[in-house]
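Here the structure is laid out as structure tokens; the discussion comes afterwards.
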Amino acid sequence: MAFTMPGGMNFDAGTIEMLSWILAYCVASSSMTILNKAAIGAFNYPFWLCTLQNLATLLVLGLIVAVAPKGHKIFGLRVKYSNKVVLTWTPAAILFCTMLVSAMSAMQTMSVTTVLVTRSLTPLVTLILESRVLGVAASPRIWISLISILGGSVFYCMAEIEGTLIGYVWLGINLIAASAYHVYVKKVINDLNLSTMDMVLYNNVMSIPLLVAIGIVADDTAHLAHGFSSMDGLAWLWVILSLICAGFISFTGFGMQAMISATSSTVVNHINKVNSFIFAHMIFQDKINPLMIVGMLITMAGTIWYSVERLNERKAEAAAKASPAAASTEKTPLQPDKSKATV
């Protein structure tokens, strides 16, 4: 079934499903950025907050699985526990925790703007890893569109670049961990045939022990009880909202990753960074100057360009299905293919 827009643009069911996951993730992710900033200000124990958010995600998972029909292709659990699954997912859990720890650590010495700008390199690094690990090929237009996104981030750096050497080291670790995480998750989906709920389950269950250990070492755990008791009603509201949002961002994030490439996932995350700048300025009065605005416009132009290229490739994929002689394009993680793919 296809849907035709007033302008004549056609969207098949697969494209509509993909765009729905992307939109849901963007809403959850942008909300999470704002809520985390407010929650950490109200409860200054970032790693214990991450642990609570993982527990809240598992609660949301349990509610969804309990309500959904058994064996549902999206809301059901597909893969049973096994040593193979645990061993295979362990690197993903480690990379996930590394992402959280490095981002939180960088935030301690660097501004939010500088952190988000530096992480704009993630799509490029992800594409490089995809080409090496997954055999993904990219057209010159894809590379140029991603480089234009990087160009937008240069204007951010010209507007504001600050921090310490340690902060940049943490950002470098975050950049590599985030890129490796996206690529590894895509590979694991193909290898284990995991459903969205399977990934949410294993990712959070296996991350909690690591986050608890990090919280004990890195957070002021001795005063954790006092931190809870000193919170007022507004502080509890921010924390609870962040816990709820964490559950939905995990679900929508894995759902999105199952529909699009790893590089596309990082580009979507980059869109959310720009959204975060705008919302942070509106809610927290964070600084935005003319160079930042120029950077945003360049970034959005590059992102739109990349998105158009990806939609064109989806049309080529649909044509390939209709004509076996046509050249095939990238298969999403839910459509494993042994042949070489394109981004």
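FYI, the numbering just counts along the sequence from 1.
We find the CG-SG distance between L211 and C50 to be 6.0 Å, quoted to the nearest 0.5 Å. Once rounded to the nearest 0.5 Å, the distance linking CG of L95 with CG of L100 reads 11.0 Å. Note: I166 CD1 to W170 CH2 = 9.0 Å, rounded to the nearest 0.5 Å. Remark: L201 CG to M206 CE distance equals 10.5 Å, nearest 0.5 Å. The CG atom of D220 lies 10.0 Å from the NE2 atom of H226; values are rounded to the nearest 0.5 Å. D232 CG to L237 CG: the interatomic distance, rounded to the nearest 0.5 Å, is 10.0 Å.
In F248, the CZ atom is not crowded: 12 or fewer heavy atoms of neighbouring residues, nucleotides or ligands sit closer than 6.0 Å.
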### Task
List the steps, then state whether side-chain contact (heavy atoms from CB on, under 4.5 Å) holds for I64 with V200.
CA-CA 12 Å; I64 293 175; V200 174; over 6 Å; no
#### Entry: Y81 and V205: CA distance, side-chain angles, deciding distance, side-chain contact (heavy atoms from CB on, under 4.5 Å) verdict
CA-CA 12 Å; Y81 170 88; V205 168; over 6 Å; no
### Task
Let me see the working for W89 and V185 under side-chain contact (heavy atoms from CB on, under 4.5 Å), right down to the final yes or no.
CA-CA 8 Å; W89 195 261; V185 166; 4.1 Å; yes
### Task
For W143 and L127, run side-chain contact (heavy atoms from CB on, under 4.5 Å): C-alpha distance rounded to whole Å, both residues' side-chain angles, the deciding distance at 0.1 Å, then the answer.
CA-CA 9 Å; W143 284 103; L127 181 54; 3.6 Å; yes
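Y45 places a side-chain N or O within donor-acceptor distance of the main-chain N or O of H223, the cut-off being under 3.5 Å. For the pair D198 (side chain) and V79 (backbone), a donor-acceptor distance under 3.5 Å is present. Judged by distance alone, with hydrogens and angles left aside, the side-chain atoms of S207 form no donor-acceptor pair with the main-chain N or O of N204 at under 3.5 Å.
Residues W236 and L59 do not share a hydrophobic cluster, clusters being chains of Ile/Leu/Val/Met/Phe/Trp/Tyr side chains in contact below 4.5 Å. Cluster membership check: I147 shares its hydrophobic cluster with I128, using side-chain heavy-atom separations under 4.5 Å among Ile, Leu, Val, Met, Phe, Trp and Tyr. Connection of I176 to L171 is not established within any shared hydrophobic cluster, with ILVMFWY side chains joined at heavy-atom distances below 4.5 Å, either directly or through further cluster members. Residue I94 is not grouped with residue M199 when hydrophobic side chains (ILVMFWY) are merged at heavy-atom distances under 4.5 angstrom, including chains of intermediate members. Hydrophobic clustering of Ile, Leu, Val, Met, Phe, Trp and Tyr side chains at less than 4.5 Å, counting indirect connections, unites V86 with F96.
Between W305 and I144 the shortest side-chain heavy-atom distance falls below 4.5 Å. No side-chain heavy atom of T126 sits under 4.5 Å from any side-chain heavy atom of Y181. For the pair W48 and I216, the minimum side-chain heavy-atom distance is below 4.5 Å.
Across A92 and N203, no two heavy atoms sit closer than the pair O-OD1, 4.3 Å. Shortest non-hydrogen contact noted between L210 and A93 is CD1-O, 4.2 Å. The two residues T221 and G215 make their nearest non-hydrogen contact at OG1-O, 2.9 Å. Closest of all the heavy-atom pairs between Q53 and A246 is CB-CB, 3.6 Å. Here the shortest heavy-atom pairing between N174 and M99 reads ND2-O, 3.0 Å. Residue L49 comes nearest to S242 through the heavy atom pair CD1-OG, 4.0 Å, listed as atom of the first residue, atom of the second, then distance.
Checked against the 6.0 Å centroid criterion, the rings of F228 and F43 qualify as a close aromatic pair.
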